[in-house]
Number of protein chains: 2
Amino acid sequence: MSTTIKMIAHKLSLSVATVSKALADSHEISKETKLLVSNAAQEMGYVRNPYASSLRKGRSKTIAIVIPEIADSFFAEAINGIEEVALLQGYHVLIYLTHESLLREQAILQDFRSGRVDGILMSVSEETNDTEHIKTLMESQVPVVFFDRVCEELNTTCVVTDDFESSFIATNHLISKGCSKIAFMGNSINLAINRNRVNGYIEALKQNGLSDYQNVVICGKDKEISQQIFADLLSGPERPDGMILSVEKLSAMLYQICEDMMIDIPSQLKVLTFTNFNMAQFLSPSLTTVKQPAFQMGKVAATALLRKLSFNNTLAEPETVILPSVITFRKSTS
Amino acid sequence: MSTTIKMIAHKLSLSVATVSKALADSHEISKETKLLVSNAAQEMGYVRNPYASSLRKGRSKTIAIVIPEIADSFFAEAINGIEEVALLQGYHVLIYLTHESLLREQAILQDFRSGRVDGILMSVSEETNDTEHIKTLMESQVPVVFFDRVCEELNTTCVVTDDFESSFIATNHLISKGCSKIAFMGNSINLAINRNRVNGYIEALKQNGLSDYQNVVICGKDKEISQQIFADLLSGPERPDGMILSVEKLSAMLYQICEDMMIDIPSQLKVLTFTNFNMAQFLSPSLTTVKQPAFQMGKVAATALLRKLSFNNTLAEPETVILPSVITFRKSTS
DNA sequence: TTGAAAGCGATACCAA
DNA sequence: TTGGTATCGCTTTCAA
């Protein structure tokens, strides 16, 4: 049985009210009493029951991270950034994975209507084409801050990177290296992030008169299907000579397929990936990357959310923060 | 304001007790009433307040993951496995990072004395040489299950991989490839996992009469210091011709240093890493790895913890589950 | 400066 | 099968 305020009160012959206030460092309580209480608390190993506190206060000092997956260096790093900020402000962090399923995402957000969390940091799933579940939650005063995979149509704070520009630069880079048939491998078209990257790609093609070969390929979450798509594309008549991978895990897949099909990177196919992966430089061939500022994005998103919470979700107007990605040219596109 | 049991009761002219029982699918309640209640709940968008429930029941249906870091493919995958099991059984998952700090680990566990979580899944920090904080928690009936970085001296369930054997095989492999001066780069000697690996290494050296060059190097969490240690080791008179990296992130560091110092892998130095990393095969040179079954370890650990919880932490005797790692030989040790 | 008491929402005991 | 009510531990208002 853990120590309660009541026990402390009993021991010191004080009321629970006084003890509660003392522990909260209320100005109504005398210095001496505070000292007495905090000593007793220390000694008795008292830790405030968070559930009683949450129930009473209507706030849980807990936030949720809702993301598609975790075995991805971007999300792992972003969590790192979020955790750092949360810890500093005394918040606890619940983690939920949607595994790219809208149904799961809906179920998770549905649960949040219970008041389990004070706010949410979220990157939507590939399947999220309907945002009612998110809207509903926001309407019931649970602030949501998006990062990376945002919903642009929802009026709230978003933390993203410069997807259009990065993609534009990346495409131009491939073109400058002699590519004329560049394929863009993305995930769901539902995602604004993907649309922005696609648009950057298309714009670059257009400016270079290469729109004849405009090839946006959607690879879903299913690994086998993606592999088949790659294999078909690379063995087809109109084989690309350049590829932009919008999803980290496609890199390993493509490297494998190229090895199997004996396609040389970069001489036969130039490749570039949007990833946060820190070993790109040591791959064979070393991989040209657009590296997102994952840690920073996590920090900024968490900071924005906690600010909303401390301002009681008022006067914090929605904003879009754009943090720059860094493109590093390596052998895979040389 | 979210819907409460009281509101449902009011709407249906029932008592809160009845509604509560109906929602819990109690046998005391008639089929008709249950249907009535569940319909109303659905319609009103009712979600049980978890904090009120936890307060009353003394259980939170929440577990914590306490790990050193998250930007590491092992831990990321392990979380994946944990989350899967937790979700299936209706548990929520709080995540805490110690960043290899004992102080932080103690503070986190201290908080758990509040009843915030029903159980804990944990991999200890490098600095954890004192386990009082863990013992205290276990004594207050909060079950702890260790995975990967376990505390062998604490009497509870541990999920590990075959560290001694893997390390033994790995060392023998290097020896069979002609190495005679093999260095073992580990993290804290506090960690049983590290000791087991070191012992496997030492045993292999001994059996091959190579104990003259027995070199266990401790790289802490500080990146600069580790780099210096590597640089010194590789520029010293007794430069090793083989290296076992016990920590994933040392791989990138070593590849970089070898590039800078123009040391060729594998001709001048053979390298092998304990990692869960899925692109090892595409590194240059491709990296020989001991791959831990991270996802599976997460699943097994979570399953064990939840079983303890459902059995009220009785009759679940402590056990040690050993899941095998897979060693894959590649160019870095050829 | 301190204390009594109501109440957060759900659960569980006991009574009807 | 249903309902009244005490209770979980803490916070907060109001009174002393």
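Below, chain A is the first sequence line, B the second, and so on; all start at residue 1.
One interatomic measurement links the two molecules: NZ of K6(A) to C1' of dA4(C), which rounds to 14 Å at whole-angstrom precision. Between the CG atom of L12(A) and the C1' atom of dT1(C) there is a distance of 16 Å, rounded to whole Å. Nucleotide dC10(D) holds its P atom 15 Å from the CG atom of L14(A), rounded to whole Å. A straight line from CD1 of I5(A) to P of dA4(C) spans 15 Å, rounded to a whole angstrom. In this structure, K61(A) places its NZ atom 19 Å from C1' of dC8(C), rounding to the nearest Å. One can place CG of L23(A) at 9 Å from P of dC10(D), the figure rounded to the nearest angstrom. In this entry the distance linking CE of M44(B) with P of dG9(C) reads 13 Å, nearest Å. As a whole-Å value, the separation of K21(B) NZ from dT1(D) C1' is 9 Å.
Relative ring orientation between F112(A) and Y96(A) is described as perpendicular, the plane-to-plane angle rising above 60° on a 0-90° scale split at 30° and 60°.
For T33(A), whose side chain is taken as the heavy atoms from C-beta onward, the closest listed nucleotide among dT1(C), dA4(C), dC8(D) is dT1(C). Closest contact between the side chain of A52(A) and the listed nucleotides dA10(C), dG9(C), dC10(D) involves dC10(D). Nearest nucleotide to the S15(B) side chain, out of dG3(D), dC10(D), dA10(C): dG3(D). Side-chain proximity of A17(B) to dT5(D), dG9(C), dC10(D): nearest is dT5(D).
With salt bridges taken as basic N to acidic carboxylate O contacts below 4.0 Å, one links K34(B) and D25(B).
Between H133(A) and Q110(A), the side chains place no donor N or O within less than 3.5 Å of an acceptor N or O (distance only, hydrogens not considered). D118(A) and S60(A) are linked by a side-chain donor-acceptor pair at a separation below 3.5 angstrom, with hydrogens and angles left out of the test.
Residues L55(B) and K31(B) both approach DNA chain D. Their nearest nucleotides, taken by heavy-atom distance, put K31(B) toward the 5′ side. Sequence order on DNA chain D of the closest nucleotides to V16(B) and E28(A) puts V16(B) first from the 5' end. Each of N49(B) and T18(A) was matched to the nucleotide of DNA chain C holding its nearest heavy atom; the match closer to the 5' end belongs to T18(A).
With a 6.0 Å radius and a threshold of 12 heavy atoms from other residues, nucleotides or ligands, Q42(B) has its CD atom at or below the threshold.
Checking the phosphate oxygens (OP1, OP2) of dA10(C), a side-chain nitrogen or oxygen of Y46(B) falls inside 4.0 Å. At the phosphate of dC8(C), neither OP1 nor OP2 sits under 4.0 Å from any side-chain N or O atom of R56(B). Between S30(B) and dT1(D), a side-chain N or O to OP1/OP2 separation shorter than 4.0 Å is absent. OP1 or OP2 of dT11(C) sits under 4.0 Å from a side-chain N or O of S53(B).
At the heavy-atom level, S20(A) lies under 4.0 Å from base atoms of the strands shown.
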